[in-house]
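First the proteins, then the strands, lettered A, B, ... as listed; each starts at 1. Please read these numbers as outputs of a predicted model, since none were measured by experiment.
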2 protein chains.
Amino acid sequence: MATTLTRKGRATRQRIVAGAAELFRERGVAGTSLDDVCEATSTSKSQLFHYFPDGRTQLLAAVAQHEADRVLEDQQPALDQLTSWAAWQAWRDRVVERYRAQGQSCPLAVLTSQLGPGSPEHQEVVVGLFSRWEQKIADGIRSMQASGQIGSSTDAGRRAAALLAGLQGGVLIMLATGEIAHLEAALDEGIAALRRVPGAAQDGAGGPAGLDGRGGSAALDGGGA
Amino acid sequence: MATTLTRKGRATRQRIVAGAAELFRERGVAGTSLDDVCEATSTSKSQLFHYFPDGRTQLLAAVAQHEADRVLEDQQPALDQLTSWAAWQAWRDRVVERYRAQGQSCPLAVLTSQLGPGSPEHQEVVVGLFSRWEQKIADGIRSMQASGQIGSSTDAGRRAAALLAGLQGGVLIMLATGEIAHLEAALDEGIAALRRVPGAAQDGAGGPAGLDGRGGSAALDGGGA
DNA sequence: GGAAAAGTGGACCGTCAAGTCCACTCGTCG
DNA sequence: CGACGAGTGGACTTGACGGTCCACTTTTCC
């Protein structure tokens, strides 16, 4: 079965997943039938069920995983190197650009809400994605704290959660309205808020200024923006 | 037709909308058939099509409008009186409580993503809701600025957009993961950021003063993993 | 080179849900 | 009171979609 796939088999399976993903993005999950997938990928029902014996459910899960992987990939390498304000800006631009290009599609939101209670498999995929995503953002904040560019008085995990929420909400609103302004606002305001955390070394100049970080903690109010 | 509805007729129509809304919330739009709606509301197909000649589509639109109206209603009167920090906190608590109670349901996200490209009718409902929502938040910020509790140097509209995005994202993540922490973090951080806008009069609203607001310090359960 | 396994094609079936139709009841107004 | 239209019930039609089956081709490996 799945254990013994020839090169051709893998290619076919991959073609099905990619094609299905595209259809889901274009026409929604509910609006896409297995026949549609077959037609779009030049395959037949038997092949589809050959690679996904559990049918639609399994295909959906595979596509979800595929899309989830792409989400973080598309933000690399920026997301893994949030060690300077310039990097944060680059990441922000990357995200905005990605979703702008994607337009009315984000498979994440689609899949997320397509599954109410149930489908623990999908739940897992989405939870895993959010978790990794937030982790990377939090790591970025912590690294900035370590280098003194963000004050140490704030809870990196909580900040990351808020930032991720803003990002997700921005995408959601974009999907609903077609406007990307909310996504931009959420990211910009979120990052700006990080810059205002008191206790940071002086903005910009800092450079690779040693590791200090939490020496003073004398919550001097972070000046104006 | 719809122009001449007797009291009984209106009641039936209302019963259908309310019942359908509940089913959609419980089982999702895709997981609910018109037969389900009929059964749940003790009506028959003919009645359903009597009141919604365009069938499923029209019913969906009616339910969407119904739900959209409820969303803002549920936040009143807090949402219309964001004139003190205490009011902001009350609103925040209201929102969190509402979604906590709702659990895995928010019909908004469901409907939003259920409709990919197409259904301009629904699009309109959602856009209208977001627009009114953001407007009210922005009004709150402006009134705080007018009374000197928030500095005038920030763009109220943009802040409101970011806050709404955070809220929406928090809800989305809650739907996906069951965790409400992101929603809380997004609201708390968003409001805290407002408190840090420079140029405000000293915080005297009654709570514990402090420039940092409830930023990231207090007993906030750990973020991240 | 040939046999077994993997891959492929498409007809076929059962189910289920959207939407139609018509017969019937009930309330209201002349 | 009686008739007309609003309101109601539920059987029926239609079609799409998920899933099955089997005959056939290609690849792989001895």
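OP1 or OP2 of D/dT8 lies within a sub-4.0 Å distance of a side-chain N or O belonging to B/Thr12. Between A/Gln47 and the phosphate of C/dT8, there is a side-chain N or O to OP1/OP2 separation shorter than 4.0 Å.
Between the P atom of D/dT27 and the CZ atom of A/Arg10 lies a distance of 15 Å, rounded to the nearest Å. At whole-Å resolution of the value, CD in A/Gln58 and C1' in D/dG19 are 13 Å apart. The interatomic distance linking B/His50 (NE2) with D/dA6 (C1') rounds to 6 Å, in whole Å. Whole-Å rounding puts the A/Tyr51 OH to C/dA5 P distance at 17 Å. Distance CD (B/Glu39) to P (D/dG10): 12 Å, rounded to an integer number of Å.
With hydrogens and angles disregarded, no donor-acceptor distance shorter than 3.5 Å links the side chain of B/Arg92 to the backbone of B/Leu187. A side-chain donor-acceptor contact under 3.5 Å links B/Gln145 to the backbone of B/Thr154. Within the 3.5 Å criterion, the main-chain N or O of B/Thr83 finds a donor-acceptor partner in the side chain of B/Gln149.
Within a 6.0 Å radius of CD in A/Glu39, no more than 12 heavy atoms belonging to other residues, nucleotides or ligands are found.
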Begin with the C-alpha distance, continue with both residues' side-chain angles, and end with the deciding distance and a verdict on salt bridge (Lys or Arg N to Asp or Glu O under 4.0 Å) for B/Arg25 and B/Glu22. CA-CA 5 Å; B/Arg25 265 180 270 135; B/Glu22 193 176 335; 5.9 Å; no

Summarise protein proximity over nucleotides 11-27 of chain C in one line of letters, 5' to 3': B for base, S for sugar-phosphate only, - for none, counting protein heavy atoms closer than 4.0 Å. ------SBBBB------

Show me, pair by pair, the donor-acceptor contacts under 3.5 angstrom made by side chains of residues 72-80 of chain B, not counting sequence neighbours?
unit_1: B/Asp74; atom_1: OD2; unit_2: B/Arg98; atom_2: NH1; d: 2.9
unit_1: B/Gln75; atom_1: OE1; unit_2: B/Trp91; atom_2: NE1; d: 2.9
unit_1: B/Gln75; atom_1: OE1; unit_2: B/Trp133; atom_2: NE1; d: 3.2
unit_1: B/Gln75; atom_1: NE2; unit_2: B/Val71; atom_2: O; d: 3.3
unit_1: B/Gln76; atom_1: OE1; unit_2: B/Asp80; atom_2: N; d: 3.4
unit_1: B/Gln76; atom_1: NE2; unit_2: B/Asp80; atom_2: OD2; d: 3.3
unit_1: B/Asp80; atom_1: OD1; unit_2: B/Lys136; atom_2: NZ; d: 2.9

